Amino acid sequence: MDYKQIIADAVHIDGVSAQEIYELLALPKDTSMGDFCLPCFKFAKQMRISPLAIAQNIATSIVAPESFSHVEAVGGYVNFRLNKTQYARKVLDKILAENDNFGCSSIGKGKTICIDYSSVNIAKPFHMGHLLNTCIGSALYKICVALGYNVVGINHLGDWGTQFGKLIVAYKLWGDKADIDKRGVRGLLDIYVRFHAEAEKDEALNDQARFWFKQIENGNQEAIDLWTWFKKITLAEVAKIYKRLDVRFDSYNGESFYNDKMQPILDELKEKGLLEKSEGAEIVRFDNDELPPCLLVRADGATLYATRDLAAAFYRKKTYDFYKCLYVVAYQQNLHFQQVFKVIEKMGCEWSKDLEHVAHGMVSLEDGALSTRSGNVVFLEDVLNKAVEKALAVIEEKNPNIANKSEIAEQVGVGAIIFGVLFNNRIKDSVFSYDKVLNFEGETGPYAQYTFARCNSVLEKGGDIVGDIDWNGIDSEEGANLVRLLDRFPDAVEEAGRRYEPSIVTRHIIEVAKAFNKFYFEHNINNADQPVKNARLILAKATKIVLSKGLGLLGIATPSHM
RNA sequence: GAGCCAGUAGCUCAGCUGGAUAGAGCAACGCCCUUCUAAGGCGUAGGUCGGGGGUUCGACUCCCUUCUGGCUCACCA
């Protein structure tokens, strides 16, 4: 249902196409002014008439007046109010018919999008710093699926590097297998932190670490076994977190996967004369020094992060033939991705334009940056558990007789955390605080979930929709506003996908929830006459569908009662 | 020093390709549960959109300049 098209077709201006009018159509500042508006300032110059006069001419010469309940020229704008009941009917019919597919589209049909996100480091705990990344990536994954793309979620594991040498040394010196089996990554973290503390005093430990990492590279069985074990422990633990956050991946090919895939790329760079020696290292320089050189091979012959990302990009292009390849990574790495993408461009690969760094902000603590090495971290598991605990306490207070309390508390607590993370523009930094994260009032996840449960409760009590429907039952400021927001939900999903910005969906959900709560307060649904009640139940049903779909795109569950 | 990003109410933030009187939430104060879920609704108060220029009929939005903060700038990832 494209209402902008209806308006564009109804407006006639000499020398201006319906397409141009369509593109100019905007949303009024205030909903009381109309559903759409057409600013006429652009026509004023060519027509040499004042915008006011043009607007008036348009308003009085509408082609299909029956589609509108009100068309008015105000200060250079033409405001259109669509025939409310007709509009509402079409929108609601569509939502109920499409149900869980409402908001989906086929703009991505036949195209593949790779999304690199979460990308956890093996043997390091999942802390608040990883949450932004994981939630944004996961939401984009779901949004792109809804838009019809074939999506490949990639967890580019940090499973290679000297830190594994350190870990082996630490384990051999102070490790306790039983403790690590029991405490998992937290056990590994303890010895990792201890290693860094002791290495300050004893430089020889770092030499040992380098030696043991070399053993992994050389295929020494003992080293490989330990490395595999660390990896297994970590993946088992993050799998639990991913399950709670409703996050999934199609590939866990991490850094170690690309060990044997870098040399061909380096060979090609050499062949094309792009690789040069500098201070013992091998680098790629950029024209006019528009970027600092990209370092690909260290003086000691070892490869680097950029080398692996280069190999990964080529592997992904070859394997998935992507339309876009997104890297959901904090903005700290802006330069790194610019360099990697530019190297690929210099290699003559036109698809380098399809690589995109979806940068996001960083999370810090009130007393400084998060740091695994110093142990200054907030474990995500603890945050989730505290949120669930709080949710349970609220349930005990407000709705103690409800069934499945613990399940609902899990959904609400975890939902509050995810919602909070996805509420702001992704580029924003944030300072973690329990006070903020455990607030369940106002524009929060629990508010959206509460509104969903409220819709559900009304519908349960309302019973079946039988008999006539009186659409005037939703013909009010509150009803019209809600219908308008429901109608625009697909636009929000589309824009979120286009701008790689899940917060657009999050914000829209809040707007819908607010509009429903206002309607609910102003207009009693179940005590109205049956035909009026029917129209209102349909509105509640459509709201329920949109809230559920919207929250689902963010990875947030919708309990029926709370 | 250079590059990139951010600066909007006391706090946290929206503000779409320039459009009408710059919007929410939190915190504060006041009101609304004998009617469908009060994790709710309503109201009051709160602003030189960091500063200064410019482009435009029109600038929070674009350009220049300047201040403040963050990130990054060769062998970590």
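Quick note on labels: first sequence line is chain A, next is B, and so on, each numbered from 1. As the structure is a computational prediction, the values presented were derived from the model and not from experiment.
- B:A28 is paired with B:U44 under the Watson-Crick or G-U wobble criterion, all donor-acceptor distances under 3.5 Å.
- Using a 4.0 Å heavy-atom criterion, one finds that A:Ser503 contacts no nucleic acid atom at all.
- Considering only side-chain atoms of A:Tyr331, the nucleotide from B:U37, B:G70, B:G7 that sits closest is B:G70.
- Counting any heavy atom pair closer than 4.0 Å across all strands shown, A:Ile395 reaches a base atom.
- Counting non-hydrogen atoms under 4.0 angstrom, A:Ile525 reaches a base of the nucleic acid.
- Taking atom CZ of residue A:Arg426 and atom P of nucleotide B:A6, one finds them 11 Å apart after rounding to whole Å.
- A donor atom on one side chain and an acceptor atom on the other are found under 3.5 Å apart for A:Asn534 and A:Gln530.
- Considering only the side chain of A:Arg499, B:C16 comes nearest among B:U37, B:C16, B:A14.
- Between B:C71, B:C76, B:C13, one nucleotide has an atom nearer to the side chain of A:Met362 than all others, and that is B:C71.
- A close approach under 4.0 Å does occur between a side-chain nitrogen or oxygen of A:Asn425 and OP1 or OP2 of B:A14.
- Among the atoms of the strands shown, only primed sugar atoms or phosphate atoms (P, OP1, OP2) are found under 4.0 Å from some heavy atom of A:Lys514.
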Below 3.5 Å between N/O atoms, which protein atoms pair up with nucleotides 31-35 of chain B? Just atom names and distances, please.
residue, atom, partner, partner atom, Å
B:U35, O2', A:Asn527, ND2, 3.3
B:U35, O2, A:Asn524, ND2, 3.2

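- Remark: P of B:C36 and CD of A:Glu460 are 15 Å apart, rounded to the nearest angstrom.
- A:Ile283 places its CD1 atom 14 Å from the C1' atom of B:C73, with the value rounded to the nearest Å.
- Comparing the C1' positions of B:A74 and B:G10 gives an interatomic distance of 46 Å, to the nearest angstrom.
- Contact record, A:Ile143 with A:Val505: CD1-CG2, 4.1 Å, taken as the closest heavy-atom pair.
- Judged by Watson-Crick or G-U wobble contacts below 3.5 Å, the nucleotide B:A2 has B:U72 as its partner.
- One can place CG of A:Asn334 at 10 Å from P of B:A6, the figure rounded to the nearest angstrom.
- Under 3.5 Å, the side chains of A:His508 and A:Glu495 contain no donor-acceptor pair of N or O atoms.
- Nucleotide B:C71 is shown with an anti base, its glycosidic torsion being more than 90° from 0.
- Mapped onto RNA chain B by nearest heavy atom, A:Asn79 and A:Val394 fall at different nucleotides, with A:Asn79 at the one closer to the 5' end.
- Atom name P, nucleotides B:A6 and B:G50: the rounded distance is 12 Å, in whole Å.
- Without hydrogens or angle criteria, A:Gln339 side chain to A:Pro293 main chain gives a donor-acceptor distance under 3.5 Å.
- Comparing B:U37, B:A20, B:G70 against the side chain of A:Met33 picks out B:A20 as the nearest.
- Residues A:Tyr447 and A:Asn517 bring a donor and an acceptor atom of their side chains to less than 3.5 Å of each other.
- Across all strands shown, A:Glu279 has heavy atoms under 4.0 Å from base atoms, whether or not it also approaches the sugar-phosphate.
- For B:U17, there is no paired base (Watson-Crick or G-U wobble, both distances below 3.5 Å).
- Atom OG1 in A:Thr444 sits 9.0 Å away from atom CZ in A:Phe423 (nearest 0.5 Å).
- For A:Lys29 and B:A20, the shortest distance from a side-chain N or O to OP1 or OP2 is below 4.0 Å.
- Nearest-nucleotide assignment on RNA chain B puts the 5′-proximal partner with A:Leu24, out of A:Gly75 and A:Leu24.
- Partner assigned to B:C49 is none, using Watson-Crick or G-U wobble distances below 3.5 angstrom.
- A:Phe341 has its CZ atom 17 Å from the P atom of B:C4, to the nearest Å.
- As the counterpart of B:A22, no nucleotide is assigned, since no Watson-Crick or G-U wobble pattern has both distances under 3.5 Å.
- Listed candidates were B:C13, B:G70, B:C36. Nearest to the side chain of A:Ser457 is B:C36.
- Side-chain atoms of A:Leu295 lie closest to B:A74 of the nucleotides B:G40, B:A74, B:C36.
- You'll find the side chain of A:Lys342 reaches within 4.5 Å of the side chain of A:Glu290, heavy atoms only.
- Note that the CE atom of A:Met262 and the OG1 atom of A:Thr307 stand 6.5 Å from one another [nearest 0.5 Å].
- For A:Lys398, taking side-chain heavy atoms from C-beta onward, the closest of the listed nucleotides B:G25, B:C4, B:A39 is B:A39.
- Under the stacking criterion of a centre-to-centre distance below 5.5 angstrom and an interplanar angle below 30°, A:Tyr520 sits stacked against the six-membered ring of B:C36.
- Here A:Cys37 lies in heavy-atom contact (under 4.0 Å) with a base.
- In this structure, A:Asp289 places its CG atom 15 Å from P of B:C4, rounding to the nearest Å.
- Residue A:Tyr305 is in base contact, counting any heavy-atom pair closer than 4.0 Å across all strands shown.
- As judged by a 4.0 angstrom heavy-atom cut-off over every strand, A:Gln333 is placed among the base-contacting residues.
- Nucleotide B:A77 holds its P atom 16 Å from the CG atom of A:Asp116, rounded to whole Å.
- If you take atom C1' in B:A27 and the same atom in B:G18, they sit 34 Å apart, rounded to whole Å.
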When the side chains of residues 205-213 of chain A are checked against the rest of the protein, which donor-acceptor pairs come out under 3.5 Å, sequence neighbours left out?
residue, atom, partner, partner atom, Å
A:Asn206, ND2, A:Glu203, OE1, 3.4
A:Asp207, OD1, A:Arg210, NH2, 3.0

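- Among the heavy atoms of the strands lying under 4.0 Å from A:Tyr447 are primed sugar atoms or P, OP1, OP2 only; no base atom is included.
- Residue A:Ile427 places its side chain closer to B:A6 than to any other of B:A24, B:A6, B:A38.
- If you check every strand for non-hydrogen atoms under 4.0 Å, A:His523 touches a base.
- Between B:C73, B:G7, B:A77, one nucleotide has an atom nearer to the side chain of A:Pro292 than all others, and that is B:C73.
- Base pairing of B:A39: no nucleotide in any strand meets the Watson-Crick or G-U wobble criterion (both distances under 3.5 Å).
- Nearest to the side-chain atoms of A:Phe41 among the listed nucleotides B:C13, B:C57, B:C36 stands B:C57.
- Rounded to the nearest Å, the gap between the P atom of B:G52 and that of B:U61 is 12 Å.
- Summarising the geometry, the separation between CG on A:Asp429 and P on B:G7 is reported as 11 Å, rounded to the nearest angstrom.
- For B:A38, the OP1/OP2 oxygens have a side-chain nitrogen or oxygen of A:Arg454 closer than 4.0 Å.
- Paired with A:Trp160 under the rule ring pair (Phe, Tyr, Trp, His ring centres under 6.0 Å), one option of A:Phe257, A:Tyr258, A:Trp227, A:Tyr305 passes, and it is A:Trp227.
- Annotation: the span from A:Leu188 atom CG to A:Lys124 atom NZ amounts to 12.0 Å, rounded to 0.5 Å.
- When heavy atoms are screened at a 4.0 angstrom cut-off, A:Lys124 is found touching no nucleic acid atom at all.
- As judged by a 4.0 angstrom heavy-atom cut-off over every strand, A:Ser560 is placed among the base-contacting residues.
- Here the separation of B:G23 from B:C60, taken at their C1' atoms, is 12 Å to the nearest Å.
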